[in-house]
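What follows is a single structure, written as structure tokens, with notes after it.
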Amino acid sequence: MLVGKRFKIVVVGAGNVGASVAQYCAELDLGDIVLTDVVEGLPQGKALDITEAGPIRGYTARVTGTNDYADIAGADVVVVTAGLARKPGMTRLDLLEKNGAIISDVCANIAKYAPNSIVIVVTNPLDVMVYLAYKKLGFPHQRVMGMAGVLDSARMRAFVAMELNVSMKNVDTMVLGSHGDDMVPLPQYTTVSGIPITKLLPKERIDAIVERTRKGGGEIVALLKTGSAYYAPAASATRMVQTIVRDEKQILPCAAYLDGQYGLQDIYMGVPCILGAEGVERILELELTQDEKASLHKSAEEVRTGIRALQERGVL
Ligand code: TXD
């Protein structure tokens, strides 16, 4: 008898991003999905609602909700979205202490109940939280990564496509560094059907796109007023889940553990990774200009400040 493997995808945090990840994973039939949250009824309600859309949308994924970590046992992939979202006027570093405590608790449970899983952290401030998760989980670094670069480059792709009035499908780009105002969008690796954007747009338009990308999260926060983005973030995390469970080896910018790459040591930051069944299977080292290298290192300093703040507060 042929038995296909059904993957088990756990989403911790059934808020805006988490529920949307569950929905997108169901739509793509990536596996069975378990939503979990500290709020009683919330993951159960969202899971039931997503299940009830199944007959219409045509997916077969089993989606369940729970408040009990025992139910995450056997997870192949865990997406961590638990935490507070950024409010207007709040910096990502403001979130550090509260989300640090949440991530520590969540990771203790993942290590206990799903020790063989691959973990994708989404919670902000992203690069610091994924470093904390790596330390708390004790998993090999290939199995712990953060989602930010897929989102930041999706935003840049959308802005380039809007500017040129071309299909977003034709636009490829790469955004490195930490998730925040110090991220490093790379126009030299941005192409439209293979044509470098430097040949299609004047410098000031490219600079404006780079700036809008850097402020992409804040732009949505300012519009929504009572929350932060979740459709594009959830779509981005889902793309990472898809690449892993289908072993697609897609090259995606992810927050990965750096052990000398780009001249950086013992830090998590956004770099191009080959993602597959083993997690982060390889990190690609792109040739960067002096300016880009300097921006990347500035970005790393921001992450180290966050790590130090956690250490000072005894969270790390
Ligand atoms: O690019 C990126 N990495 C990001 C990050 C893009 C968008 C959002 N980003 C961050 O993800 C955001 O700043 C937050 O830190 C998280 C989740 O954002 P979301 O918009 O989904 O926040 P919600 O809607 O407030 O949901 C958070 C849920 C909520 O239901 C809480 O009850 C739950 O997390 N929560 C917990 N679940 C499990 N365990 C614990 N301890 C816990 N604490 C809170």
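Counting convention: from 1, in listed order, for ligands and their atoms alike.
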Using a distance-only test with no angle check, is there a side-chain donor-acceptor pair under 3.5 angstrom linking [X] and [Y]?
{"X": "D152", "Y": "H179", "result": "yes"}
{"X": "N16", "Y": "Y231", "result": "no"}
{"X": "Y131", "Y": "D266", "result": "yes"}
{"X": "Q142", "Y": "E281", "result": "no"}
{"X": "E292", "Y": "Q188", "result": "yes"}

Taking only heavy atoms of [X], which atoms of ligand 1 are found under 4.0 Å from at least one of them?
{"X": "P233", "result": "6 (C), 7 (C)"}
{"X": "H179", "result": "1 (O), 2 (C)"}
{"X": "V39", "result": "32 (O)"}
{"X": "V17", "result": "8 (C), 18 (O), 19 (P), 20 (O), 21 (O)"}
{"X": "T81", "result": "16 (C), 17 (C), 27 (C)"}
{"X": "Y69", "result": "39 (N)"}
{"X": "N99", "result": "15 (O)"}

Consider ligand 1: state whether an atom of it lies below 4.0 angstrom from any non-hydrogen atom of Y231. no

So for M147 against ligand 1, with non-hydrogen atoms under 4.0 Å, the contacting part is both

Backbone, side chain, both or neither: what part of L42 comes under 4.0 angstrom of ligand 1, heavy atoms only?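 Contact part for L42 vs ligand 1: side chain (C-beta onward).
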
Side-chain ion pair, K215 and E211, N-O less than 4.0 Å: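 E211 and K215: salt-bridged.
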
Is it the case that one hydrophobic cluster holds both L42 and Y69, taking links as side-chain heavy atoms less than 4.5 Å apart, direct or via other members?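 Cluster IDs for L42 and Y69 differ.
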
How would you list, by chain and number, every residue that makes a salt bridge (Lys or Arg N to Asp or Glu O under 4.0 Å) with D207, sequence neighbours excluded? K203

Within the 4.5 Å heavy-atom criterion, are L176 and M269 side-chain neighbours or not? no

Any N/O of [X] closer than 3.5 Å to an N/O of ligand 1?
{"X": "L151", "result": "no"}
{"X": "Y230", "result": "no"}
{"X": "T123", "result": "no"}
{"X": "A229", "result": "no"}

Proximity winner for [atom], if only heavy atoms of [options] are counted:
{"atom": "atom 9 (N) of ligand 1", "options": "V221, I102, N124", "value": "N124"}
{"atom": "atom 14 (C) of ligand 1", "options": "D105, L84, I220", "value": "L84"}
{"atom": "atom 40 (C) of ligand 1", "options": "V38, T36, D37", "value": "V38"}
{"atom": "atom 24 (O) of ligand 1", "options": "N16, L126, V12", "value": "N16"}
{"atom": "atom 36 (C) of ligand 1", "options": "G13, A82, S20, G216", "value": "A82"}
{"atom": "atom 25 (O) of ligand 1", "options": "A148, G83, A234, A19", "value": "G83"}

Examine R57 relative to Y59 and say whether NZ or CZ is less than 6.0 Å from the centre of the six-membered ring and inside a 45° cone about the ring axis. no

If you round to the nearest 0.5 Å, how far is CD of Q44 from OG1 of T51?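 With rounding to 0.5 Å, OG1 (T51) is 12.0 Å from CD (Q44).
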
Would you say the rings of Y268 and Y134 are close, in the sense that their centroids are separated by under 6.0 Å? yes

